[in-house]
Amino acid sequence: MATTLVSVETREVVRCDYCSLVQYRTSNSMCRKCRRPLDIEEPAPLAPQLVTTQTNASAEAGLQVAAQVREIRRARHLSQRQLAGRMQVPRTYISKIENGKAIPTLGSLERLAGALEVDMRQLVRDSRSRRDEEVAAIMGDPFLAEIAVLLPHLDSLHRTLLYGSVRDMAMGRRRTA
């Protein structure tokens with residue numbers, strides 16, 4: 001009986017990057033264990049591309065609408081099902097709007113505003129416009145408007161003391177000397 005030696009030099013030993021199995025390269029270059037390719041192709045370098053923020057802006061606008069719809073619906077003590085019934089759409093559509101997965105069209109916004117009994121502008125306002133409305137409401141009080149005019153003239157210590165006193169009064173606590 002004769003034995004022949006097989007030359008191992010012609011076979012390439014490789015390690016699979018996925019399952020770490022050390023093996024000889026197969027004819028199809030697939031791993032014997034996990035059946036993934038043994039050769040990881042280097043991704044081609046990407047050329048610089050123009051980045052547009054339109055998608056980010058629309059996503060941000062969608063999230064603002066979502067938050068407004070949820071807030072107004074809860075303030076009106078409506079369930080998603082009740083609001084969907086008023087709009088004559090499936091409840092899942094309301095859920096998708098509130099979770100930011102669907103951005104309503106202009107027509108849907110009109111129907112949504114009608115179902116929530118609010119002006120459509122209230123659904124699409126951003127944080128800056130809400131802040132402006134809050135400031136306008138605060139400045140409508142003559143006493144607070146008078147204090148607001150004097151605040152820039154206070155030094156930081158007196159401003160801090162005033163803010164602390166106002167915060168304590170708002171929380172119902174009484175300061176002791």
Side-chain angles (χ1 to χ4, degrees), residues 18 34 36-37 40-175:
Y18 298 102
C34 67
R36 293 192 178 173
I40 304 295
E41 296 177 10
E42 297 278 330
L46 297 175
Q49 296 178 347
L50 177 65
V51 177
T52 60
T53 58
Q54 185 176 10
T55 56
N56 293 340
S58 65
E60 184 178 323
L63 292 177
Q64 289 173 354
V65 169
Q68 287 296 108
V69 168
R70 179 179 290 120
E71 181 181 321
I72 294 170
R73 177 183 62 80
R74 287 182 177 168
R76 304 252 190 268
H77 303 289
L78 292 172
S79 67
Q80 287 182 348
R81 189 172 309 282
Q82 291 169 327
L83 180 58
R86 287 183 178 189
M87 281 185 66
Q88 298 177 349
V89 296
R91 184 206 56 83
T92 55
Y93 181 61
I94 302 298
S95 175
K96 286 178 183 178
I97 290 173
E98 288 186 358
N99 291 321
K101 297 195 187 292
I103 299 175
T105 62
L106 190 56
S108 293
L109 273 175
E110 286 177 328
R111 290 178 31 211
L112 192 57
L116 289 170
E117 299 170 351
V118 295
D119 188 28
M120 193 167 70
R121 288 178 289 166
Q122 200 168 354
L123 295 177
V124 294
R125 65 184 183 162
D126 61 348
S127 57
R128 183 177 42 190
S129 64
R130 273 185 269 148
R131 181 181 175 277
D132 292 345
E133 288 174 9
E134 290 171 358
V135 168
I138 289 171
M139 296 307 268
D141 183 344
F143 175 71
L144 293 177
E146 188 177 332
I147 289 176
V149 171
L150 299 174
L151 285 176
H153 302 294
L154 294 176
D155 63 0
S156 62
L157 173 66
H158 288 104
R159 188 178 301 128
T160 304
L161 290 172
L162 179 66
Y163 288 156
S165 297
V166 169
R167 183 180 52 248
D168 290 343
M169 285 189 295
M171 297 178 89
R173 289 186 281 179
R174 188 167 183 172
R175 268 199 167 171

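Residue numbers start at 1 and run along the sequence shown. No hydrogens, no waters, no symmetry mates; every other heavy atom, side chains included, goes into these values. Given the structure is predicted, the values throughout are model-derived calculations rather than measurements.
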Quick one: CD1 on I94 to CZ on R81, what's the gap to the nearest 0.5 Å?
11.5 Å
Mind checking whether L106 and M120 have side chains closer than 4.5 Å, heavy atoms only?
yes
Contact summary for Q82 and L78, nearest pair of heavy atoms
OE1-CA, 3.3 Å
Sub-4.5 Å side-chain heavy-atom contact between L144 and M139:
no
Does a side-chain heavy-atom distance below 4.5 Å link E98 with R74?
no
Could you check whether any side-chain heavy atom of Y163 comes within less than 4.5 Å of a side-chain heavy atom of L154, counting everything from C-beta outward?
no
Heavy-atom distance under 4.5 Å between the side chains of Q64 and V124, does that happen here?
no
Enter the distance from T92:OG1 to I97:CD1 here, rounded to the nearest 0.5 Å.
10.0 Å
May I have the step-by-step check of side chain to side chain contact (heavy atoms under 4.5 Å, CB included) for V89 and R111, ending in yes or no?
CA-CA 10 Å; V89 296; R111 290 178 31 211; 3.0 Å; yes
Between A102 and Y93, the two heavy atoms sitting closest are CB-CE1, 4.4 Å
Are the side chains of R70 and N99 in contact, using a 4.5 Å heavy-atom criterion?
yes
Minimal heavy-atom distance between L123 and L116, with the atoms involved, is CD2-CD1, 4.0 Å
Other residues, nucleotides and ligands only: do more than 12 of their heavy atoms fall within 6.0 Å of CZ on R159?
yes
Going through the checks in order, is the side-chain hydrogen bond (donor to acceptor under 3.5 Å, both in side chains) test met by T105 and S108?
CA-CA 5 Å; T105 62; S108 293; 3.3 Å; yes
V65/I103 under side chain to side chain contact (heavy atoms under 4.5 Å, CB included): CA gap, chis, key distance, verdict
CA-CA 8 Å; V65 169; I103 299 175; over 6 Å; no
Identify the two heavy atoms, one from G100 and one from A66, that lie closest to each other, and give their separation to 0.1 Å.
N-CB, 4.0 Å
One pair to check against side chain to side chain contact (heavy atoms under 4.5 Å, CB included): L151 and L162. What are the steps and the verdict?
CA-CA 9 Å; L151 285 176; L162 179 66; 3.4 Å; yes
Are L112 and V118 close enough, and set up right, to give a side chain to side chain contact (heavy atoms under 4.5 Å, CB included), and what steps lead you there?
CA-CA 9 Å; L112 192 57; V118 295; over 6 Å; no
Closest non-hydrogen atom pair between D119 and A113, with its separation:
C-CB, 4.3 Å
Closest non-hydrogen contact found for R91 with Q80 is NH1-OE1, 2.9 Å
